[in-house]
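Shown next, in structure tokens, is the structure this report addresses.
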Amino acid sequence: MKVTFFSAHKFEHSYLKEAIPNHKLKLLETRLNLDTVGIARGSDAVSLFVSDDASAPVLEKLHEMDIKYIALRSAGFNHVDLKTADRLGIKVARVPEYSPAAIAEHTVALILALNRKLVRAHNRVRDLNFSLDGLVGFDMEGKTVGIAGTGKIGSKVTKILHGFGCKLLAFDPYVNEEVISATGVEYVDFDTLCRQSDIITLHLPLTPESKYIIGKSSIEKMKKGVMLINTSRGALVNTKEVIGALKSGQVGAFGMDVYEEEEDLFFEDHSEDILLDDVIARLLTFHNVLITSHQAFLTREALGKIAEVTAFNLDCWDKNKASPNELKS
């Protein structure tokens, strides 16, 4: 098959080439959108990353070019109009799981870095400032951590934090009995989680019910000085409300690896540009905010798994078989 890979970053290339030797790959750093879709002409399939646009108008163009397959290099698929894909007969498959450990470990790294003010401390020492004023953190042991979402990633986070001796609360419509057995986590409603937690970390899928689950109402219920962490989906958090809470001190620290408006910002070098996103610009002024640009997944193991499953999905279609990873609207 001829496959055009959009948003194929340099860090992916070697993994993709090694895992997919039996298809003809066109690896492009260009993002897929209505202006760039024509690049895929002559391909049998396209492969997309989370920053690509697979909305209805783009899918219509792909259909006109007789492209029948979309291989996502992600678990998330909010950027794909599945109803339109189904109507046009375009098959879409994802990578349902690549490395829960990668994202869970990055989550805990954000918590520890914010708590112990590691970035601030490192920058001070580079300036030969060895003062400890303003660097006081807290013991993780005995702190109450609320984990919203205990699927594959959230359960890994729960187990790691159990090792720190944290008291663990969880919110999820589906109770994970295995993680209860392993950690003693207590399942509660979201209001209770907000009221009792010193740290809240999000690992929920983005649904109409979970959008802005962190907003004015939920923040008001939280302990003053709570730490918020989001490595899941940007739109789980109303970032403007978090900024207000950072200013008032209601939120004591905020770590984010995902952002609702990240599409035109993350994954690219904007160091020579004027920053036009006022929300990110304001967040960057807080010393108690730590932002990473959607890199929680970025480990060797995860990249290898993403390439491997993408290869499997393409091979299934090449053999006129359905992939078990296909999505339906």
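Below, all heavy atoms of this structure are taken into account, side chains as well, without hydrogens, waters or symmetry copies.
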Exercise. Return yes if some donor-acceptor pair links the side-chain N/O of Arg120 with the main-chain N/O of Gly134 below 3.5 Å, else return no.
Key: yes
Quiz item: Which distance, rounded to the nearest 0.5 Å, do you find between the NZ of Lys117 and the CG of Leu290?
Solution: 12.0 Å
Quiz item: Any ring-ring contact (aromatic ring centres under 6.0 Å, His included) pairs touching residues 132-179, not counting sequence neighbours?
Solution: Phe171-Phe190
Quiz item: Do Val157 and Val145 belong together in a cluster built from hydrophobic side chains that touch within less than 4.5 Å?
Solution: yes
Exercise. Please identify each residue that fulfils salt bridge (charged side-chain N to carboxylate O under 4.0 Å, His left out) with Glu12, with sequence neighbours left out.
Key: Arg73
Quiz item: Is the side chain of Asp269 donor-acceptor paired with the backbone N or O of Ser271 at a distance under 3.5 Å, no angle test?
Solution: yes
Self-check item: Close side-chain approach of Leu284 to Val289, heavy-atom, < 4.5 Å
Solution: no
Quiz item: Just wondering, more than 12 heavy atoms not from Glu18 lying within 6.0 Å of its CD?
Solution: no
Quiz item: For residues 226-253, which residue pairs qualify under side chain to side chain donor-acceptor pair (under 3.5 Å), counting only residues two or more places apart or in two chains?
Solution: Thr107-Thr231
Quiz item: Quick one: does Ser181's side chain have a donor or acceptor within less than 3.5 Å of a partner on Glu177's backbone?
Solution: no
Exercise. Provide the full list of ring-ring contact (aromatic ring centres under 6.0 Å, His included) pairs with a residue in residues 249-280, sequence neighbours left out, each pair given once.
Key: His9-Phe267, Phe49-Phe267, Phe267-His294
Exercise. Measure from the side-chain N and O atoms of Lys156 to the backbone N and O of Glu105, and report whether any donor-acceptor pair falls under 3.5 Å.
Key: no
Quiz item: What pairs meet the side chain to side chain donor-acceptor pair (under 3.5 Å) rule with one or both residues in residues 137-148, with sequence neighbours excluded?
Solution: none
Quiz prompt | Inter- and intrachain pairs under ring-ring contact (aromatic ring centres under 6.0 Å, His included), touching residues 100-123, at least two apart | solution = none
Quiz item: Is there a side-chain contact between Leu48 and Val46 (heavy atoms, below 4.5 Å)?
Solution: yes
Practice problem: Drop me the distance from Leu202's CG to Met256's CE, to the nearest 0.5 angstrom. | Solution: 12.0 Å
Practice problem: Answer with yes or no whether the side chains of Ser329 and Asp86 bring together a donor and an acceptor at under 3.5 Å. | Solution: yes
Quiz item: Per the side-chain contact (heavy atoms from CB on, under 4.5 Å) rule, which among Ile20, Leu314, Leu27, Leu16 passes with Val3?
Solution: Leu314
Quiz prompt | Close side-chain approach of Ile67 and Arg41, heavy atoms under 4.5 Å | solution = no
What side-chain donor-acceptor pairs closer than 3.5 Å can you find for residues 304-311, not counting sequence neighbours?
{"from": "Thr310", "atom 1": "OG1", "to": "Ile306", "atom 2": "O", "distance (Å)": "2.7"}

Quiz prompt | Heavy-atom side-chain contact between Glu268 and Ser293 under 4.5 Å | solution = no
Quiz item: Is a side-chain donor or acceptor of Thr183 paired with a backbone partner of Ile180 at a separation under 3.5 angstrom?
Solution: no
Practice problem: Before accepting this row, confirm whether a basic side-chain N of the pair Asp191/Lys221 lies closer than 4.0 Å to the acidic partner's carboxylate O. | Solution: yes
Quiz item: Is atom NZ of Lys26 surrounded by more than 12 heavy atoms (other residues, nucleotides or ligands) closer than 6.0 Å?
Solution: yes
Practice problem: Could I get the full list of side-chain hydrogen bond (donor to acceptor under 3.5 Å, both in side chains) partners for Thr285, not counting sequence neighbours? | Solution: Arg282
Quiz item: In terms of heavy-atom contacts, does NZ of Lys224 have more than 12 from other residues, nucleotides or ligands at under 6.0 Å?
Solution: yes
Quiz item: Going by distance alone, is a donor N or O of one side chain under 3.5 Å from an acceptor N or O of the other, for Asp172 and His203?
Solution: no
Quiz item: Quick check: does any side chain N or O of Ser197 sit under 3.5 Å from a backbone N or O of Gly146, one acting as donor and the other as acceptor?
Solution: yes
Exercise. Starting from Tyr212, walk the hydrophobic network (Ile, Leu, Val, Met, Phe, Trp, Tyr; side-chain heavy atoms closer than 4.5 Å) and list everyone else you reach, by chain and number.
Key: none
Quiz item: Near Lys61 NZ, under 6.0 Å, is it more than 12 heavy atoms from other residues, nucleotides or ligands?
Solution: no
Quiz item: ring-ring contact (aromatic ring centres under 6.0 Å, His included) with Tyr69: which residues, sequence neighbours excluded?
Solution: Trp317
Quiz item: Are the side chain of Asp257 and the backbone N or O of Gln295 linked by a donor-acceptor pair below 3.5 Å?
Solution: yes
Self-check item: Within 6.0 angstrom of Arg87 CZ, more than 12 heavy atoms from elsewhere
Solution: yes
Exercise. Establish whether Leu72 and Ile153 are linked, either directly or via other cluster members, by ILVMFWY side-chain heavy-atom contacts under 4.5 Å.
Key: no
Exercise. Would you sort out whether Asp44 and Asp66 count as a side-chain contact (heavy atoms from CB on, under 4.5 Å), showing the intermediate values?
Key: CA-CA 7 Å; Asp44 302 296; Asp66 201 30; over 6 Å; no
Quiz item: When rounded to the nearest 0.5 angstrom, what is the spacing between NZ in Lys91 and CG in Leu88?
Solution: 14.5 Å
Self-check item: For Lys83, salt bridge (charged side-chain N to carboxylate O under 4.0 Å, His left out) partners two or more places apart
Solution: none
Quiz item: With the 4.5 Å side-chain cut-off for hydrophobic clustering, are Phe6 and Phe77 part of the same group?
Solution: yes
Quiz item: In this structure, are over 12 heavy atoms from other groups packed under 6.0 Å from Asp278 atom CG?
Solution: no
Self-check item: Worked verdict on Ser210 versus Thr207 for side-chain hydrogen bond (donor to acceptor under 3.5 Å, both in side chains)
Solution: CA-CA 5 Å; Ser210 67; Thr207 64; 3.2 Å; yes
Self-check item: Test salt bridge (charged side-chain N to carboxylate O under 4.0 Å, His left out) applied to Asp318 - qualifying residues, sequence neighbours left out
Solution: none
Quiz prompt | Interatomic distance, Glu326 atom CD to Leu82 atom CG [nearest 0.5 angstrom] | solution = 11.5 Å
Quiz item: Judged by atom type as modelled, is there a donor-acceptor pair below 3.5 Å linking the side chain of Ser99 to the main-chain atoms of Ala102?
Solution: yes
Quiz item: Is it the case that Thr150 and Asn176 place a side-chain donor and acceptor less than 3.5 Å from each other?
Solution: no
Practice problem: Could you give me the CA-CA distance, side-chain angles and deciding distance for Leu112 and Met140, then say whether side-chain contact (heavy atoms from CB on, under 4.5 Å) is met? | Solution: CA-CA 9 Å; Leu112 294 176; Met140 291 289 292; 4.0 Å; yes
Practice problem: First locate atom CD1 of Ile214, then atom CD1 of Ile200, and finally report the distance between them rounded to the nearest 0.5 Å. | Solution: 5.5 Å
Quiz prompt | Salt bridge flag under 4.0 Å for residues Glu178 and Lys159 | solution = yes
Practice problem: Please indicate whether Arg124 has more than 12 foreign heavy atoms, meaning atoms of other residues, nucleotides or ligands, lying under 6.0 Å from its CZ. | Solution: yes
Quiz item: Any chance the side chains of Asn33 and Asp52 put a donor and an acceptor closer than 3.5 Å?
Solution: no
Quiz item: Does Met227 reach the side chain of Thr201, with side-chain heavy atoms less than 4.5 Å apart?
Solution: no
Quiz item: Heavy atoms, side chains only, cut-off 4.5 Å: are Arg94 and Leu327 in contact?
Solution: yes
Quiz item: Does the side chain of Ile243 reach to within under 4.5 Å of the side chain of Leu283, using non-hydrogen atoms?
Solution: yes
Quiz item: Do Glu29 and Ser7 come close enough that some side-chain heavy atom pair is under 4.5 Å?
Solution: no
Quiz item: Checking side-chain hydrogen bond (donor to acceptor under 3.5 Å, both in side chains) for the pair Tyr98/Ser74: CA distance, chi angles, key distance, verdict?
Solution: CA-CA 8 Å; Tyr98 31 92; Ser74 63; over 6 Å; no
